[in-house]
2 protein chains.
Amino acid sequence: MAQRPTLEEVARRAGVSRATVSRVVNGSTTVAGPIQEAVRRAVAELGYAPNLAARSLVTHRTDSIALVMPEAATRVFSDDQVFPGIIHGVSQELEAADKQLVLMLAGSPAGHARVRRYTTGRHVDGVLFASLHGADPLPGTLAALGIPTVCSGRPLGEQSVPYVDVDHAGGVARAVAHLIDSGRRRIATIAGPQDMVAGIERLTGYRDALAAAGLPTLVAYGDFTRDSGAAAMRELLDRRPDLDAVFAASDLMAHAALRTLRDSGRQVPQDVAVVGFDDISSAAYTEPPLTTVRQPIRQIGRVMTRLLLRLAAGEQIDQATILPTTLIPRAST
Amino acid sequence: MAQRPTLEEVARRAGVSRATVSRVVNGSTTVAGPIQEAVRRAVAELGYAPNLAARSLVTHRTDSIALVMPEAATRVFSDDQVFPGIIHGVSQELEAADKQLVLMLAGSPAGHARVRRYTTGRHVDGVLFASLHGADPLPGTLAALGIPTVCSGRPLGEQSVPYVDVDHAGGVARAVAHLIDSGRRRIATIAGPQDMVAGIERLTGYRDALAAAGLPTLVAYGDFTRDSGAAAMRELLDRRPDLDAVFAASDLMAHAALRTLRDSGRQVPQDVAVVGFDDISSAAYTEPPLTTVRQPIRQIGRVMTRLLLRLAAGEQIDQATILPTTLIPRAST
DNA sequence: TTGTAAGCGTTATCAT
DNA sequence: ATGATAACGCTTACAA
């Protein structure tokens, strides 16, 4: 296996200087036709491909963007579709900008350290965070280093990093209003993890909405997964067998609640109404189909990416961008 | 925002040479204690992080591995879980090796070109392909360039690139045998796309199994998605209203078939038995729970990764690695 | 329009 | 054990 050819060798073969080859490779227009032709031929014959490390060492650009998911792979690729949706949106937008997506999972401390090394090592032109746990200082650190950074979800703690989030409170308020309108009065919630802003804000939304209506609250906690939803639902039924509605902070938990309710002999929606949050694609396929609060997940990814690219281009961007949520009524209420 | 500090500046601050700082940063043991200490302090004070491009320019390593999915993001992040499962497995194994995962979606021609540029540009130490369409020449090209490459699924065409695949034929044979054993005789299939090896082999498996049993075949085509499965199921019912079993080449298509059958007034499994392929996590949650052929998806990712790392380390590896499939009987048969 | 040459920030090979 | 110094492969003033 021959050594990979360099600019030098292409130049020699084409009978020109390295600089000229570089110009042709990078599409400069100031090179004479026949020379361009000769260079291209040499490139093709040698199978030349530029060494990206060498290039970015001088240009200070890498044309790639990191999307960091501070989660174990198990969480990211549950059938939750939230992370995939964000990835999808990001990748669409990056595709349009002809930039490369570098996906980094950072569930473990080692992963977190690796991400830090990679991003601070100038290996990417910017960093996107999809979800944050607790008050992770990394986004703030990167931003302080001058590395363009955008988060999904308001970062907890002191950091002032631009972010994109959805209107959690508004969505929950509409869901609860919908339940109240249909006569429900004993409305429980299966809350999400309280170290994540989505979990926190949805629970706050529930509390505020019930308080405004003068109704009592009933809370059990899950971590957005199906298993945790089933456990929480069982707990709620134990504590309050006569509850007549449940708002789950994720569709996955709502789905498990549906099944748990049925297993307990209750009818949905006759005995208990169920509302989820997310509107993942299988929500329309549950039994019965799930009423839920839709959040425009893919849109989050797209908006984050556009903001990041503008930031990287030196533009000023808003500190917060909030996207709307919508109630999607189906048969579970 | 000050310019990022370089080795040089750290060296000056610590009162040593660049070489010494490099040694400390890279964990060399041949540096005296007090000097190490001084260097570390300078690194911390300056917030120094090595420039990865400069490093890989000389080391010829990047400590990152590309996972290429020649698919549109829509396909990759459907709720299919196959790609996510592979990503998951790969990322687990890469985590153990402390290497960075670079995920590349290459659904469009532009994406494909970007991937080619990136991988041939020595931006990664090796390349994993998760699924291939048609006889994509890229894996062969990379392998010929001496870039460690491993595919998931046997590459079509002339290429001799090492790959990992599952025993499609064996799994399908067991599924069909299971149907025949339970008295089914008019067994249709919803086949996958015929430009992908998984689609091809599962259909071949079905044909072989039915031929061996002396039963007639009935085939409709989908592309592994739910929508295509619903359409294919309707077509099958039109053509053969009295069919008594369906083998779908993916769980998503099987799920849609379940629903389509019910909508047509048929009972599953009384009137029609349904078997899927994949065993995605929601297969246990369909109505009724889906009998399916489990393929060890995450394992595919792990095995591919281990092979790639060995290849990158200069070891010899097998051309083909085939993982077993298992029939998971549930209520749909 | 083309070529020359000076870096870019590391690591690695030598001496010392 | 530490320090010069030469690469690594590319882009980009600047000169011609």
Side-chain angles (χ1 to χ4, degrees), chain A residues 2-40 42-43 46-64 117-118 120-125 145, chain B residues 2-40 42-43 46-64 117-118 120-125 145-147:
Chain A
Q3 205 51 31
R4 302 288 307 288
T6 69
L7 259 197
E8 187 68 51
E9 297 167 50
V10 176
R12 209 156 39 219
R13 177 157 196 137
V16 297
S17 76
R18 227 159 53 200
T20 299
V21 177
S22 173
R23 291 185 187 107
V24 172
V25 168
N26 292 292
S28 163
T29 48
T30 68
V31 177
I35 293 200
Q36 282 203 31
E37 187 44 45
V39 170
R40 270 188 232 294
V43 165
L46 261 32
Y48 170 76
N51 180 315
L52 269 23
R55 172 180 288 170
S56 83
L57 184 55
V58 27
T59 60
H60 295 290
R61 286 181 307 100
T62 64
D63 290 325
S64 52
R117 244 186 293 145
Y118 201 86
T120 57
R122 291 278 173 220
H123 221 310
V124 291
D125 297 340
L145 280 172
Chain B
Q3 204 52 32
R4 301 289 305 289
T6 68
L7 261 197
E8 187 69 51
E9 297 166 50
V10 176
R12 207 156 39 220
R13 178 158 197 136
V16 299
S17 75
R18 231 158 49 201
T20 299
V21 177
S22 174
R23 289 187 188 104
V24 173
V25 168
N26 292 290
S28 165
T29 48
T30 68
V31 177
I35 294 201
Q36 282 202 32
E37 187 45 45
V39 170
R40 270 187 233 294
V43 165
L46 260 32
Y48 168 76
N51 180 315
L52 270 22
R55 172 181 286 171
S56 84
L57 184 56
V58 28
T59 59
H60 297 290
R61 286 180 308 97
T62 64
D63 291 324
S64 53
R117 244 186 292 145
Y118 201 86
T120 58
R122 292 278 173 220
H123 221 310
V124 291
D125 297 339
L145 281 172
I147 299 172

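Excluded from the calculations below are hydrogen atoms, water molecules and symmetry mates; all remaining heavy atoms, backbone and side chain alike, are included. Letters A, B, ... mirror the listed sequences (proteins, then strands); counts begin at 1.
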So how far is it from [X] [atom1] to [Y] [atom2], rounded to the nearest 0.5 Å?
X         : Y        : atom1 : atom2 : result
Glu8(B)   : Ser17(B) : CD    : OG    : 9.5 Å
Ile35(A)  : Glu37(A) : CD1   : CD    : 11.5 Å
Arg122(A) : Leu57(A) : CZ    : CG    : 13.0 Å

Comparing Gly33(B) with Pro5(A), nearest DNA chain D nucleotide closer to 5' gives the residue Gly33(B)
How many whole angstroms separate atom [atom1] of [X] from atom [atom2] of [N]?
X        : N       : atom1 : atom2 : result
Leu52(A) : dC8(C)  : CG    : P     : 20 Å
Arg61(A) : dT11(D) : CZ    : C1'   : 11 Å
Gln36(A) : dT2(C)  : CD    : C1'   : 13 Å
Arg12(A) : dG9(D)  : CZ    : C1'   : 13 Å
Arg55(B) : dA12(C) : CZ    : P     : 9 Å
Arg18(B) : dC14(C) : CZ    : P     : 18 Å
Asp63(A) : dT11(D) : CG    : P     : 12 Å
Asn51(B) : dG9(C)  : CG    : C1'   : 6 Å

Using a cut-off of 4.0 Å on non-hydrogen atoms, how would the nucleic acid contact of Ile35(A) be classed: base, sugar-phosphate, or nothing?
sugar-phosphate
Taking any heavy-atom pair under 4.0 Å as a contact, classify Ala19(A): base, sugar-phosphate, or nothing.
base
Out of dG9(C), dA6(C), dG3(C), whichever nucleotide has its closest atom nearest the side chain of Ser17(A):
dG3(C)
Any idea which of dG3(C), dT11(C), dC8(C) is nearest the Val58(B) side chain?
dT11(C)
Are side-chain heavy atoms of Arg23(B) and Val16(B) found at a separation under 4.5 Å?
no
Sub-4.5 Å side-chain heavy-atom contact between Asp63(B) and Arg55(B)
no
Between [X] and [N], does any side-chain N or O lie under 4.0 Å from OP1 or OP2?
X        : N       : value
Asn26(B) : dT11(C) : yes
Ser22(A) : dC10(D) : no
Thr20(A) : dG3(C)  : yes

Contact nearer the 5' end of DNA chain C, comparing Tyr48(B) with Arg23(B):
Tyr48(B)
